[in-house]
Amino acid sequence: MRFALLGDDPRIVPFLDALALRKETLLTHAVAAPTTLPVSARNVIRCAGWEELLGVPTLDAVIVAGSDPWLLDGARKFAEAGKAVLVLGDVRQTSTFVYQLTLVYAERELVLFPILLLRSHPQVVALKAAIQEGEVGAVQLLRLERTLGVDAIPDKNAINMAGMLLEDVDLLRFLGGEYNQIAASRSGDPLVGVAGSNITLQGEDLPQALWSATMSPDIAVGAWKLVVAGDKGTATLEGGSDPLECRLTVLKVQAEGGTPPWIIPPAEGDARRAASAVLDTFLQVAAGETRLPTWTDLSRDFELVEAVDRSVARRRTVDVYFEVPSERSAFKTQMTALGCSLLVLTFFAVILYLIVEDTVALPAIAKRVITILLFVPIGLFLVMQLLVFLTKPAKP
């Protein structure tokens with residue numbers, strides 16, 4: 001299977017390493033690739049633009065690892081051409097990009113796959129197993145805390161926090177479940193930069209998840225810690241600036257006073273094994289099997305992150321409604337907006353007509369023509385509703 005790379009996000013390097021170690025996968029082309037590439041991938045053909053790749057018949061899949069608009073345009077073109085598209089999530093891509101690819105998927109068969117490396121990390125997999133096997137008992141709370149260095153550009157503080165939140169929300173969803181309520185607050189002067197953020201995720205019959213990030217000018221390298229608190233023990237996952245380097249500690253409490261914690265120390269090949277597991281999952285999905293994570297996971301991660309701004313603006317908990325984008329949902333949304341606008345314009349046009357008629361003697365033929373012009377648009381709009389039967393519903 002032959003791949004092309006679009007973007008220069010350095011987080012994609014472990015996945016490229018996994019590609020290079022397989023006989024059945026090969027990175028052949030790259031556009032705006034990272035400066036650091038695997039040794040076996042340095043002979044890839046570097047292209048000035050993605051347009052050069054559209055005519056390559058041997059290309060099977062495209063890896064998107066960036067947020068530049070022209071790269072995202074290229075990803076959409078490759079999806080429309082039926083190529084498999086793998087996306088390394090970046091908050092700057094926005095949910096609009098994810099929805100656009102989803103609409104392409106609704107029109108034709110293709111593979112859309114999110115690259116979520118942290119989910120497949122051996123330490124995270126071990127933590128998930130500890131939760132499922134009851135090592136910590138019934139989970140009551142998930143708390144993830146991050147400490148970040150202050151950026152010199154104020155706007156980047158909020159972007160950095162949102163970027164970390166996108167990865168962390170996926171981790172919390174993976175361990176806790178499908179959260180659909182979010183309450184958020186921020187501290188700091190917007191002109192100077194965001195100093196901190198606190199977010200609470202909730203869902204029916206799910207343990208509450210707390211996420212916090214603090215900007216500190218005194219640190220050069222960020223750190224994070226995830227605590228899973230249960231009624232029988234506590235599990236702690238800790239890491240540094242590299243999300244693929246972490247350590248898991250599980251403390252199991254017993255009636256006689258507790259037992260020493262068991263620790264899984266980080267191994268040198270953890271990042272490679274995580275990337276290899278993600279690649280295995282993609283190859284299975286490309287072969288027609290159903291595996292997690294799916295494209296819907298990335299879509300919901302974006303929706304939760306973007307709901308933070310709504311919660312901060314409204315200063316309350318907001319509900320997140322997960323709707324699968326499709327041609328039919330897009331049609332209904334557009335028709336609703338058009339219908340509301342048409343009703344308002346017709347209302348004011350009728351009022352204007354009544355004022356004119358009351359002050360000016362209009363001929364009978366003019367009254368008929370104006371009446372037709374006033375209500376013909378609404379009639380045409382109602383007829384257009386029948387076009388909904390030509391749109392495609394969302395795929396399961």
*asked:* Quick one, D68 with D8, criterion side chain to side chain contact (heavy atoms under 4.5 Å, CB included). Give me CA distance, side-chain angles, the key distance, then yes/no.
replied: CA-CA 10 Å; D68 292 335; D8 58 356; 5.5 Å; no
*Start with the C-alpha gap between V85 and L101, add the side-chain angles, then the distance that decides, and say whether side chain to side chain contact (heavy atoms under 4.5 Å, CB included) holds.*
CA-CA 9 Å; V85 179; L101 290 186; 4.3 Å; yes
_Verdict with supporting geometry, Y179 and Q208, side-chain hydrogen bond (donor to acceptor under 3.5 Å, both in side chains)_ = CA-CA 9 Å; Y179 294 101; Q208 191 177 67; over 6 Å; no
_side chain to side chain contact (heavy atoms under 4.5 Å, CB included) assessment of L354 paired with D358_ = CA-CA 6 Å; L354 293 175; D358 189 58; over 6 Å; no
*Which is it for F174 and V124 under the side chain to side chain contact (heavy atoms under 4.5 Å, CB included) test, yes or no, and what are the steps along the way?*
CA-CA 9 Å; F174 177 63; V124 176; 3.8 Å; yes
*I would like to know whether R173 and E178 meet salt bridge (Lys or Arg N to Asp or Glu O under 4.0 Å); could you show each step before the answer?*
CA-CA 6 Å; R173 286 182 55 248; E178 288 296 349; 2.7 Å; yes
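In this structure, V344 shares a hydrophobic cluster with F347, F348, I351, I355, the cluster being traced through Ile, Leu, Val, Met, Phe, Trp and Tyr side chains under 4.5 angstrom apart.
Across P377 and L373, no two heavy atoms sit closer than the pair CD-O, 3.2 Å. A pairwise comparison of heavy atoms in G89 and R11 identifies O-NH2, 2.8 Å as the closest pair. Contact record, V278 with S120: CG2-OG, 3.5 Å, taken as the closest heavy-atom pair. Here the shortest heavy-atom pairing between P207 and L142 reads CG-CD1, 3.6 Å. A pairwise comparison of heavy atoms in S311 and A184 identifies OG-N, 2.8 Å as the closest pair. Between G49 and W70, the shortest heavy-atom contact is CA-CZ3, 4.2 Å.
Both F375 and I370 are part of a single hydrophobic cluster, where members link through side-chain heavy atoms under 4.5 Å apart. L206 and V136 fall within the same hydrophobic cluster, where Ile, Leu, Val, Met, Phe, Trp and Tyr residues are linked whenever their side-chain heavy atoms come under 4.5 Å apart, directly or through other members. I115 and L283 fall within a single hydrophobic cluster, where Ile, Leu, Val, Met, Phe, Trp and Tyr are joined by side-chain heavy atoms under 4.5 Å apart, directly or via other members. Linking Ile, Leu, Val, Met, Phe, Trp and Tyr residues whenever their side-chain heavy atoms come within less than 4.5 Å leaves V139 and V125 in two separate clusters. Put simply, V227 and L165 are part of two different groups of oily side chains (I, L, V, M, F, W, Y) that touch within less than 4.5 Å, one to the next.
For the residue pair Y105 / Q100, no side-chain donor-acceptor distance below 3.5 Å is found, with atom types taken as modelled. Between the side chains of S67 and Q93, no donor N or O sits under 3.5 Å from an acceptor N or O. One side chain, T102 or W295, offers a donor N or O that lies under 3.5 Å from an acceptor on the other.
Atom CZ of R92 is separated from atom CG of L72 by 10.5 Å, given to the nearest 0.5 angstrom. Taken from CD in E303 to OG1 in T296, the straight-line distance is 9.5 Å, to the nearest 0.5 Å.
With contacts defined as side-chain heavy-atom distances shorter than 4.5 Å, the pair F302/L298 qualifies. L201 places none of its side-chain heavy atoms less than 4.5 Å from the side chain of W211. Q123 is listed as a side-chain neighbour of D270, based on a closest heavy-atom distance under 4.5 Å. For the pair R315 and S185, the minimum side-chain heavy-atom distance is 4.5 Å or more. A 4.5 Å side-chain heavy-atom check between L26 and L19 finds every atom pair outside the cut-off. Counting heavy atoms from C-beta outward, V98 and V87 have side chains that stay 4.5 Å or more apart. Two residues are said to be in side-chain contact when any heavy atoms from C-beta on lie closer than 4.5 Å; L86 and V64 fail this criterion. Side-chain atoms of L172 and L226, non-hydrogen and from C-beta on, do get closer than 4.5 Å to each other.
More than 12 non-hydrogen atoms from other residues, nucleotides or ligands lie less than 6.0 angstrom from CZ of R22. Enclosure of atom NZ in K128 by more than 12 non-hydrogen atoms of other residues, nucleotides or ligands within 6.0 angstrom is indicated. Atom CD of E24 has more than 12 heavy atoms from other residues, nucleotides or ligands within 6.0 Å.
Under the side chain to side chain donor-acceptor pair (under 3.5 Å) criterion, R272 pairs with no residue, sequence neighbours left out. Remark: E238 pairs with R247 by the salt bridge (charged side-chain N to carboxylate O under 4.0 Å, His left out) rule, at least two apart or across chains. Every residue meeting the salt bridge (charged side-chain N to carboxylate O under 4.0 Å, His left out) condition with E357, not counting sequence neighbours, appears here in chain and number order: K367. Looking at residues two or more places apart in sequence or on another chain, you find a side chain to side chain donor-acceptor pair (under 3.5 Å) between D309 and R186. With sequence neighbours excluded, the residues satisfying salt bridge (charged side-chain N to carboxylate O under 4.0 Å, His left out) with R291 are E289.
Checked for salt-bridge contact, K83 and D60 miss the test: no charged N lies under 4.0 Å from a carboxylate O.
Shown are T147, L237, L148; of these, the side-chain contact (heavy atoms from CB on, under 4.5 Å) with W224 is made only by L237.
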